[in-house]
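Predicted, not measured: the structure shown is a model, and the values here were computed from it. Numbered from 1 within each chain, the chains take letters A, B, ... in sequence-line order.
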2 protein chains.
Amino acid sequence: MVGSISTKDKILNTAIDLFSRSSFSAVSIRDITREVGIKESSLYYHFKNKDELLDCIFEIYREEIKKVCPPFEDLDYILTQTTPEQFLQQGLQKFKSYICDSPRMSKISRIVSSEQFSHPQARLIILNDLYEENIRFLEVVFAKFKDLGYIQDFPARLLAIEYQYPVFSMITQYLILQFEQQDTAELEKLLQEHVEFFFHKIKK
Amino acid sequence: MVGSISTKDKILNTAIDLFSRSSFSAVSIRDITREVGIKESSLYYHFKNKDELLDCIFEIYREEIKKVCPPFEDLDYILTQTTPEQFLQQGLQKFKSYICDSPRMSKISRIVSSEQFSHPQARLIILNDLYEENIRFLEVVFAKFKDLGYIQDFPARLLAIEYQYPVFSMITQYLILQFEQQDTAELEKLLQEHVEFFFHKIKK
DNA sequence: GTCTATAATGCGATAGAC
DNA sequence: GTCTATCGCATTATAGAC
């Protein structure tokens with residue numbers, strides 16, 4: 001039925017919510033099914049076991065995080081449409097909003113972070129899908145900025161890292177503040193100032 | 001007895017080890033006491049309950065992380081002994097070695113990170129003892145650098161954040177690589193390059 | 001697709017002997 | 001300070017009826 005949410009989705013969304021508010025191992029099947037309004041045994045019709053729930057959640061993260069960077073083939077066109085500073089500013093806003101502004105994605109980000117030392121998959125996601133994918137994309141971007149004569153001559157990978165690593169820390173902090181329902185305005189301002197500071201330092 | 005390790009310390013060290021390899025809630029009292037070689041009931045002679053173990057671990061982290069920054073009153077003297085770039089380079093090495101090179105402290109850092117959404121204390125530790133304390137210290141450092149005419153005129157807090165936030169991400173990555181027993185040489189080189197890149201951009 | 005019933009084990013914690 | 005014994009309850013997961 002269009003618009004209605006299947007039991008399977010309800011289970012998954014409830015699991016995401018509960019796991020993100022404590023941890024995978026602290027949440028029981030009973031906790032999840034109580035919230036959904038079904039018996040424990042019914043969950044096993046939809047999911048093989050508790051671990052499969054987490055596997056699904058990790059898979060959602062991997063699928064979603066892929067969407068943050070535009071495909072390389074679109075890059076040249078996009079760069080003709082904006083200034084480099086605008087491009088960076090917009091990219092960062094997009095990155096932040098993908099991870100932090102959707103309640104579902106920010107919950108999943110918390111889960112990945114919490115489970116990084118319990119689940120090898122979570123570590124791979126952080127190292128590869130989050131860190132390396134982003135750095136690789138930005139490396140290409142900064143290489144193009146260099147070719148176009150916008151910026152000074154630094155190794156593109158160093159620029160990518162110096163640009164993106166502060167952002168990872170800001171996101172970490174953002175997820176905690178958001179969880180505590182504290183104000184994030186200062187941090188959002190900081191994100192903008194970061195682009196300004198960074199670009200000002202490397203532009204020609 | 002001098003040199004011998006008390007049962008209480010053995011319990012605590014075992015808890016640190018096991019919690020850091022999965023998570024607080026995934027490790028049982030039974031797991032810990034089996035490893036120590038005592039019965040479960042004996043643990044309760046030394047610790048009120050399971051939560052008290054975690055409280056002790058968080059307290060150790062707070063005590064240790066305090067030691068990373070030298071006291072403000074020593075700062076002026078230290079700054080006469082080194083160049084600003086040397087000072088930053090040494091400070092970063094100290095920071096990294098405090099957190100990552102002691103097996104105990106790196107385990108505790110992993111625990112704090114894993115429990116950040118399960119335990120409010122862990123969030124406070126990250127936001128206050130780790131982030132804010134460090135930034136506040138560096139803010140003073142960069143303000144002094146400005147007064148001494150070493151660096152260009154940027155807001156000291158912005159400099160502190162731009163300098164330290166990439167380091168937080170590198171430490172995050174370091175803890176994962178270390179846990180996976182992967183090579184960290186590239187990351188250590190990156191830490192040095194970061195100081196060089198950053199200082200080169202802001203020096204007068 | 002959801003239910004009842006239940007198995008089999010594990011959990012944190014306590015009482016009281018030595 | 002460590003032990004044995006035990007309590008009461010929670011846990012994941014399955015079998016089989018409807």
Side-chain angles (χ1 to χ4, degrees), chain A residues 1-60 111 114-115 117-122, chain B residues 1-60 107-108 111 114-115 117-122:
Chain A
M1 271 204 290
V2 178
S4 77
I5 301 160
S6 68
T7 304
K8 183 162 183 169
D9 284 343
K10 270 189 218 161
I11 293 169
L12 200 53
N13 286 332
T14 306
I16 290 170
D17 187 58
L18 297 181
F19 292 161
S20 75
R21 287 198 270 140
S22 51
S23 74
F24 173 71
S25 62
V27 174
S28 68
I29 301 287
R30 204 165 293 185
D31 293 329
I32 298 167
T33 54
R34 188 191 305 121
E35 191 81 8
V36 175
I38 56 168
K39 296 291 167 188
E40 290 129 78
S41 54
S42 299
L43 183 142
Y44 291 92
Y45 174 80
H46 301 282
F47 297 92
K48 204 171 105 263
N49 53 32
K50 200 185 168 187
D51 281 315
E52 200 183 68
L53 277 170
L54 195 58
D55 290 341
C56 284
I57 293 169
F58 287 153
E59 206 40 55
I60 294 170
I111 296 171
S114 293
E115 304 305 325
F117 300 112
S118 312
H119 301 271
Q121 289 174 74
Chain B
M1 272 206 287
V2 179
S4 76
I5 301 161
S6 68
T7 304
K8 182 163 183 168
D9 283 343
K10 269 189 219 162
I11 293 169
L12 201 54
N13 286 332
T14 306
I16 289 169
D17 187 57
L18 297 181
F19 291 161
S20 76
R21 288 198 271 140
S22 51
S23 73
F24 173 71
S25 63
V27 174
S28 68
I29 300 287
R30 211 161 288 188
D31 294 329
I32 298 167
T33 54
R34 188 191 305 120
E35 190 82 7
V36 174
I38 55 169
K39 295 292 167 187
E40 292 147 68
S41 53
S42 299
L43 183 141
Y44 290 93
Y45 174 79
H46 302 281
F47 296 93
K48 206 173 104 262
N49 53 33
K50 200 186 167 187
D51 280 315
E52 202 184 69
L53 278 170
L54 194 58
D55 290 341
C56 285
I57 293 169
F58 287 153
E59 205 43 53
I60 294 170
K107 284 174 193 169
I108 296 179
I111 296 170
S114 292
E115 304 305 325
F117 299 113
S118 311
H119 301 271
Q121 289 173 74

Inset, instruction - Specify the separation, in whole Å, of atom NZ of B/K50 and atom P of C/dA13. - result: 8 Å
Inset, instruction - For A/D31 and A/S28, indicate whether the former's side chain and the latter's backbone hold a donor-acceptor pair under 3.5 Å. - result: yes
Legend entry - First of A/Y45 and B/R34 reached from the 5' end of DNA chain C, by closest nucleotide: A/Y45
Inset, instruction - Please tell me which of A/H46 and A/R30 maps to the more 5' nucleotide of DNA chain C, matching each residue to the nucleotide holding its nearest heavy atom. - result: A/H46
Legend entry - N/O donor-acceptor pair under 3.5 Å between B/N49 side chain and B/E52 backbone: yes
Inset, instruction - Round to the nearest Å and state the distance from B/I32 atom CD1 to C/dC11 atom C1'. - result: 13 Å
Legend entry - A/F24 to A/E115 - nearest heavy-atom pair and separation: N-OE2, 3.0 Å
Inset, instruction - Determine the contact category for A/V27: base if any of its heavy atoms lies under 4.0 Å from a base atom, sugar-phosphate if only primed atoms, P, OP1 or OP2 are that close, otherwise nothing. - result: sugar-phosphate
Legend entry - Rounded interatomic separation in angstrom, taking CD from A/E40 and C1' from C/dA7: 13 Å
Inset, instruction - Round to the nearest Å and state the distance from B/L43 atom CG to D/dG1 atom P. - result: 14 Å
Legend entry - Atom-to-atom span, CZ of B/F47 to C1' of C/dT14 - whole angstrom: 18 Å
Inset, instruction - Check if the side chain of B/S42 and the base of D/dC3 share a donor-acceptor pair of N or O atoms closer than 3.5 Å. - result: no
Legend entry - Heavy-atom donor-acceptor pair, B/S41 side-chain to D/dT4 base, under 3.5 Å: yes
Inset, instruction - Send over the distance from B/D31 CG to C/dG10 P, rounded to a whole Å. - result: 10 Å
Inset, instruction - Compare side-chain N and O positions of A/T7 against OP1 and OP2 of C/dG1 and report whether any pair is under 4.0 Å apart. - result: no
Inset, instruction - Provide, to the nearest angstrom, the distance between the NZ atom belonging to B/K48 and the P atom belonging to C/dT14. - result: 9 Å
Inset, instruction - Respond yes when some side-chain nitrogen or oxygen of B/S28 is under 4.0 Å from OP1 or OP2 of C/dG10, and no when none is. - result: no
Legend entry - Pairwise distance CZ(B/F19) to OG1(B/T14) - rounded to 0.5 angstrom: 10.0 Å
Inset, instruction - Check every atom of C/dC3, C/dG12, D/dC3 against the side chain of A/I38 and return the nucleotide holding the closest atom. - result: C/dC3
Inset, instruction - In whole angstrom, give the distance that lies between atom CG of A/D51 and atom P of D/dT11. - result: 16 Å
Legend entry - Side-chain N,O (A/K39) to OP1/OP2 (C/dC3) below 4.0 Å: no
Legend entry - Reported CZ-to-OG distance for the pair A/R21 and A/S114, which is rounded to 0.5 angstrom: 13.5 Å
